[in-house]
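One structure is given below, encoded as structure tokens.
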Amino acid sequence: MSKRRPILRVDDLRVDFLMRQSGLLRPPVPLHVVNGVSFELFEGETLGLVGESGCGKTTLGRALLRLGSGRVSGKIEFDGQDLSTLSNGEFRPLRRQMQMMFQDPFGSLNPRLTVGQMLAEVLLVHRVARGTEARRRIHELLDVVGLSREYYNRYPHEFSGGQRQRIGIARALALNPKLIVCDEPVSALDVSIQSQIINLLKDLQRDFGLTYLFIAHDLSVVEYISDRVAVMYLGKVVEIAGADELYGNPAHPYTKALLSAVPSPEPGAGKERILLHGDQPGPMQAPSGCSFHPRCPSALPQCALRTPTLCSLAGRPDHLVSCLLYEEGRNIGGKEA
């Protein structure tokens, strides 16, 4: 992976929201929803992003595309350009190359527009095509995502959930993007439809050379579609590795607990379940030191005092983990993310 060209570099990304407190004279408190995230996304790969609800996955994905409302800091570099230095006008041409698929395939579609009108609007706003050329382009998009051209004049309420998500995929593809952020794209669908959409995404990636940031909480789906997987906890990435490596040799205690909850496909194959006590705290109750230490079954006394960094494991340069269990006694010359 290290020899491939990164299409996206994220360095110390932070997203803060101001939380009002009760009382007229009390100042708002900043909430660190994404707290110092760094990673690289390589051209043509799928990076899965997993973690509990509320850990900041969706906020991170939206921040990359400037769709969020929080205060964003840090560096986001896409295709060699530093997005943090661009004005809205300068960023607009790049928006064509960075698209998003949303979790709710119905809520993300305008109920007052037909499929043809929705897709034509995308092409018109970005001055890609209009008139007869736009209609031809829309017919091609419907063919690509497996929908009949007869659906051109239908409204979103006339489709099933899987068909609506195919429309969302067509909309994301309309501008020939390089990167698509997939925010829980199959979580609202039936299991049988999920497999169809996932296989469609894999086919499109192969045919068009797409790069995906795939946000999900279903670890089985993430394992199937991802080349690499990043695990988030309370606004931070705690582990990144190739999918086979992470699922076969998880290092961080939180990753081990998540994977222990995945049902085994083999009948009668039992495995030890790692139970975590308590719930993930909110951003306002973030603990000191390692954010996971109050729930960690392997916590050391220093975990409450020191914040670990994301470093490579000994002998495994592409497997990064943020845990003091691996910093203790490690050669400090290890690579930092």
Side-chain angles (χ1 to χ4, degrees), residues 46-55 57-62 99-116 118-119 138 141-174 177 180-208 210-227 229-232 243 246-247 258-269 271 273:
T46 298
L47 175 64
L49 185 61
V50 300
E52 291 173 275
S53 297
C55 70
K57 305 186 300 294
T58 295
T59 302
L60 170 61
R62 287 177 171 269
Q99 292 294 304
M100 189 161 192
M101 284 181 56
F102 297 94
Q103 176 178 3
D104 183 359
F106 186 67
S108 62
L109 302 178
N110 190 332
R112 298 184 178 184
L113 298 181
T114 65
V115 171
M118 275 186 287
L119 297 178
I138 293 168
L141 289 169
L142 293 177
D143 291 340
V144 164
V145 300
L147 293 175
S148 171
R149 296 185 180 187
E150 296 177 358
Y151 296 162
Y152 185 94
N153 292 315
R154 293 191 184 182
Y155 290 88
H157 72 271
E158 300 181 73
F159 297 97
S160 66
Q163 289 173 325
R164 291 170 189 156
Q165 195 59 283
R166 289 176 186 267
I167 297 170
I169 295 173
R171 183 174 57 184
L173 291 175
I180 298 180
V181 176
C182 307
D183 182 19
E184 304 265 12
V186 297
S187 63
L189 306 178
D190 293 338
V191 174
S192 60
I193 305 301
Q194 287 184 8
S195 61
Q196 295 177 21
I197 298 298
I198 291 298
N199 287 327
L200 174 61
L201 291 174
K202 289 175 72 72
D203 291 342
L204 294 173
Q205 183 176 50
R206 179 197 62 215
D207 295 340
F208 298 105
L210 299 172
T211 303
Y212 295 140
L213 176 64
F214 192 89
I215 301 170
H217 63 267
D218 189 324
L219 295 171
S220 299
V221 170
V222 171
E223 181 182 17
Y224 176 69
I225 196 173
S226 301
D227 299 298
V229 178
V231 181
M232 278 191 76
L246 186 133
Y247 280 77
L258 285 181
L259 295 180
S260 74
V262 178
S264 174
E266 308 231 349
K271 59 181 177 180
R273 178 74 187 273

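We number each residue from 1, following the sequence as shown.
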ask   = CG of Asp104 to CG of Leu109: how many Å apart, nearest 0.5 Å?
value = 8.5 Å
message = Is it the case that the side chains of Thr58 and Asp183 hold a donor-acceptor pair, with the cut-off being a distance below 3.5 Å and no angle test?
response = yes
request  = Using modelled atom types only, decide if a donor and an acceptor are shared between the side chain of Arg164 and the backbone of Phe106 within a distance under 3.5 Å.
outcome  = no
N/O donor-acceptor pair under 3.5 Å between Ser195 side chain and Ser192 backbone = yes
inquiry  = Would you say that His217 contacts Val50 through its side chain, given a criterion of any heavy-atom pair below 4.5 Å between the two side chains?
reply    = no
inquiry  = Within this structure, what is the CD-SG distance for the pair Gln165 and Cys182, rounded to the nearest 0.5 Å?
reply    = 8.5 Å
inquiry  = So does Leu189 get a backbone contact from the side chain of Gln194, meaning a donor-acceptor N/O pair under 3.5 Å?
reply    = yes
message = Do Leu147 and Tyr152 have side chains that approach each other closer than 4.5 Å (heavy atoms only, starting at C-beta)?
response = no
query = Pick one: which of Val181, Leu201, Val186, Ile215 meets side-chain contact (heavy atoms from CB on, under 4.5 Å) with Met101?
reply = Leu201
query = Can you find a pair of side-chain heavy atoms, one from His157 and one from Pro111, that are under 4.5 Å apart?
reply = no
request  = Please indicate whether Arg206 has more than 12 foreign heavy atoms, meaning atoms of other residues, nucleotides or ligands, lying under 6.0 Å from its CZ.
outcome  = yes
ask   = Honestly, is Lys202 close enough over Tyr212, meaning NZ or CZ under 6.0 Å from the six-membered ring centre and within 45° of the axis?
value = no
ask   = Would you find a donor on one side and an acceptor on the other, under 3.5 Å apart, between the side chain of Lys57 and the backbone of Ala216?
value = no
ask   = Do any N or O atoms from the side chain of Gln205 and from the backbone of Thr211 form a donor-acceptor pair under 3.5 angstrom?
value = no
query = Which residues pass the salt bridge (charged side-chain N to carboxylate O under 4.0 Å, His left out) test with Arg149, sequence neighbours left out?
reply = Asp143
key: Between Tyr155 and Asn110: side-chain donor-acceptor atoms closer than 3.5 Å   = no
